[in-house]
Amino acid sequence: MKEFQLNGQLRTDFGKKASKMMRKEGLIPCNIYGEKKGENGLPEAIAFAIPMTELRKVVYTPHVYVCNINIEGKNHIAIMKELQFHPVTDALMHVDFYETTEEKPITIGIPVKLNGLAQGVRDGGRLALQIRKINVTAPYKNIPETLDIDVTNLGLGKSIKVGELSFEGLELATSKDVVVCTVKMTRAARSAADSANAQSEEAAE
């Protein structure tokens, strides 16, 4: 996984009014949750803020990052768990991070990358990607930037499911029955197949 450095500052003022003022100043309110738990047994959060100019680079990108967050001199390794956007403007409102370590497994969605020219596409079909990310579980150091899948031998009308895939050092957390990609029959391919079948029947007669 790619790593990205972020710099945050602890929050001392809370509530909607304080958060609104932060956003006006170009800061986004954030929380980071780790192993530490409060008296109620729930994870205890560190409240801080990060400049939008820094967050933009890890939010508006197809890449998945592990973030090295420096909060006033103390470093935290974390991944983004939840993003909140304004329902009308789509402006980023809040980010929740989850702290991790090099040894601790995390579950995160990794982009799928299809490699090769599918046989079904050569035969006139169309390759369709059904899901853009597959959830995997592993220590973040073991997680690749993309999940590469070879589709060279995928024929017309055939598909690849999550259960048919395996990647070294990764546990796949997405359901095995989920279809990753398929080669769909196009009108041209169907006409060609019908024509070939008709010729075969004529030859047999």
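These figures come from a predicted structure and were not determined experimentally.
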Only residue of Thr174, Val112, Leu147 satisfying side chain to side chain contact (heavy atoms under 4.5 Å, CB included) with Val180 is Val112
Nearest heavy atoms of Ala173 and Thr107, plus distance in Å:
CB-CG2, 4.0 Å
Rounded to the nearest 0.5 Å, how far does CG of Asn135 lie from CD1 of Ile108?
9.0 Å
Keeping Glu145 on the side-chain end and Val64 on the backbone end, is there a donor-acceptor pair under 3.5 Å?
no
Test log, rule side chain to side chain contact (heavy atoms under 4.5 Å, CB included), inputs Ile32 and Glu99
CA-CA 7 Å; Ile32 185 168; Glu99 191 166 15; 4.2 Å; yes
Flag side-chain contact, heavy atom, 4.5 Å: Phe167 against Leu172:
yes
Taking atom SG of Cys181 and atom CG of Leu114, what is their separation to the nearest 0.5 Å?
5.0 Å
Within this structure, what is the CD1-CG distance for the pair Ile149 and Asn115, rounded to the nearest 0.5 Å?
8.5 Å
Minimum heavy-atom distance between Asp90 and Phe85, given as atom pair plus value
O-CD2, 3.3 Å
Would you kindly confirm whether Tyr33 and Ile69 end up in one hydrophobic cluster when ILVMFWY residues are joined by side chain heavy atoms under 4.5 Å apart?
no
Residues which pass ring-ring contact (aromatic ring centres under 6.0 Å, His included) with Tyr65, listed by chain and number, not counting sequence neighbours:
Phe4
To the nearest 0.5 Å, what is the distance between OH (Tyr98) and SG (Cys67)?
15.5 Å
Glu54 side chain vs Asn7 backbone, donor-acceptor pair below 3.5 Å:
yes
With sequence neighbours left out, write down each residue that passes side-chain hydrogen bond (donor to acceptor under 3.5 Å, both in side chains) with Thr152, or none if nothing qualifies.
Asp150
Exceeds 12 heavy-atom contacts within 6.0 angstrom, atom CZ of Arg122
yes
How far apart are the closest heavy atoms of Met80 and Leu83, and which atoms are they?
SD-CD2, 3.8 Å
Below 4.5 Å, heavy atoms only, C-beta onward: do Tyr60 and Leu55 meet side chain to side chain?
no
If every non-hydrogen atom of Pro139 is compared with every non-hydrogen atom of Glu103, which pair is closest and at what distance?
CG-O, 3.6 Å
Can you find a heavy atom in the side chain of Glu82 that is under 4.5 Å from one in the side chain of Gln84?
yes
Side-chain heavy atoms of Val66 within contact of Ile77, under 4.5 Å:
yes
Contacts of Glu3 that satisfy side-chain hydrogen bond (donor to acceptor under 3.5 Å, both in side chains) - sequence neighbours left out:
Asn68, Lys141
By side-chain hydrogen bond (donor to acceptor under 3.5 Å, both in side chains), which residues pair with Asp148, not counting sequence neighbours?
Thr146
With heavy-atom distances below 4.5 Å as the criterion, would you say the side chains of Lys161 and Lys176 are in contact?
no
Heavy-atom closest pair, residues Asn142 and Leu170:
O-CD2, 3.7 Å
Drop me the distance from Ile46's CD1 to Cys30's SG, to the nearest 0.5 angstrom.
12.0 Å
Ile79-Leu6 co-clustered via ILVMFWY side chain contacts under 4.5 Å
no
So do Gln130 and Thr182 actually touch side chain to side chain, heavy atoms under 4.5 Å?
yes
Under a single-linkage definition using a 4.5 Å side-chain heavy-atom cutoff for Ile, Leu, Val, Met, Phe, Trp and Tyr, are Leu127 and Val179 assigned to the same hydrophobic cluster?
no
Would Ile110 and Phe97 show up in the same hydrophobic cluster when neighbours are defined by side-chain heavy atoms closer than 4.5 Å?
no
Gap between atom CD1 of Ile71 and atom CZ of Phe48 - 0.5 Å precision
4.0 Å
Under the rule for side-chain hydrogen bond (donor to acceptor under 3.5 Å, both in side chains), what residues qualify as partners of Arg11, not counting sequence neighbours?
Asn31
State whether the side chain of Ser19 and the backbone N or O of Gly15 hold a donor-acceptor pair below 3.5 Å, judged by distance alone.
yes
Take Lys133 and Ile131 through the test side chain to side chain contact (heavy atoms under 4.5 Å, CB included) and record every step on the way to the result.
CA-CA 6 Å; Lys133 291 183 179 180; Ile131 56 170; over 6 Å; no
Can you list the other members of the hydrophobic cluster that holds Met22, where links are side-chain heavy atoms under 4.5 angstrom apart?
Leu27
Contact summary for Leu154 and Ala118, nearest pair of heavy atoms
O-CB, 3.6 Å
Using the rule that Ile, Leu, Val, Met, Phe, Trp and Tyr join whenever any side-chain heavy atoms are under 4.5 Å apart, tell me whether Met21 and Met93 fall into a single cluster.
no
More than 12 heavy atoms of other residues, nucleotides or ligands under 6.0 Å from CD of Glu168: yes or no?
no
